[in-house]
Amino acid sequence: MPRRKLSKRLKQLVRERAHFCCEYCLSQEAFSPDPFSNEHIIPLSTGGRSTANNLALSCQGCNNFKYTFLSALDLVTLQEVPLYHPRRDCWEEHFSWNNDASELIGLTATGRATIETLQLNREQVVNLRRVLNIVGKHPPAHRSASQ
């Protein structure tokens, strides 16, 4: 069965709901050299659907690293745990910023496993966060360092 394209309206809903930020690493679409995509949280290949509740705005890096993974190993507990799910999970329960808001810190097994698997602190993203923080553009207003 061929995949149907997402409607412009659905794509815009996903972008606006995410405040134009990757829902995993919080990179801002306006400052990204790569296009963002509508990522299927539960992949189509594992039964996910192209519905608003199963779509997340994702930068290319996070989308590539997430691939079709739904869970990963937490290196602290050595347990297989679910990855962060943008529609079900509260971001602030799983993640926090370091002092200069350049790196994400995992507060839970899910947070740690997601940071590791999606490489949310990859060098290019950390460098961009540092620069954007200096000019007052990071963290995004909806995920400030004080939260």
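For reference, positions follow the sequence shown, starting with 1.
- With hydrogens and angles left out, the side-chain atoms of Asp34 and Ser32 include no donor and acceptor closer than 3.5 Å.
- Using a 30° and 60° split on the angle between ring planes, His138 and Trp97 fall in the perpendicular class, above 60°.
- If you check the side chains of Tyr84 and Glu23, you find no donor sitting under 3.5 Å from an acceptor.
- Residue pairs meeting the side chain to side chain donor-acceptor pair (under 3.5 Å) criterion with at least one member in residues 113-124, sequence neighbours excluded, are Asn121-Arg129.
- Residues meeting the side-chain hydrogen bond (donor to acceptor under 3.5 Å, both in side chains) test with Gln60, sequence neighbours left out: Asn64.
- The minimum heavy-atom distance linking Ile105 with Ile115 is given by the pair C-CD1, 3.5 Å.
- Inspection of the Arg15 and Gln12 side chains reveals an N or O donor paired with an N or O acceptor under 3.5 Å.
- Between Leu104 and Phe95, the shortest heavy-atom distance links the atoms CD2-CB, 4.3 Å.
- Checking side-chain atoms of Asn53 against main-chain N and O of Arg87 turns up no donor-acceptor pair under 3.5 Å.
- Contact detail for Thr110 and Asp89: the closest heavy-atom pair is CG2-OD2, 4.4 Å.
- Looking at every heavy atom in both residues, Ala109 comes nearest to Val81 through O-CG2, 3.6 Å.
- Proximity of a side-chain donor or acceptor of Asn98 to a complementary backbone N or O of Ser102 within less than 3.5 Å is detected.
- For residues 42-52, every residue pair satisfying the side chain to side chain donor-acceptor pair (under 3.5 Å) rule, not counting sequence neighbours, is listed here: His40-Ser50.
- Side-chain N or O atoms of Gln28 include one that pairs as donor or acceptor with a backbone N or O of Lys137 at under 3.5 Å.
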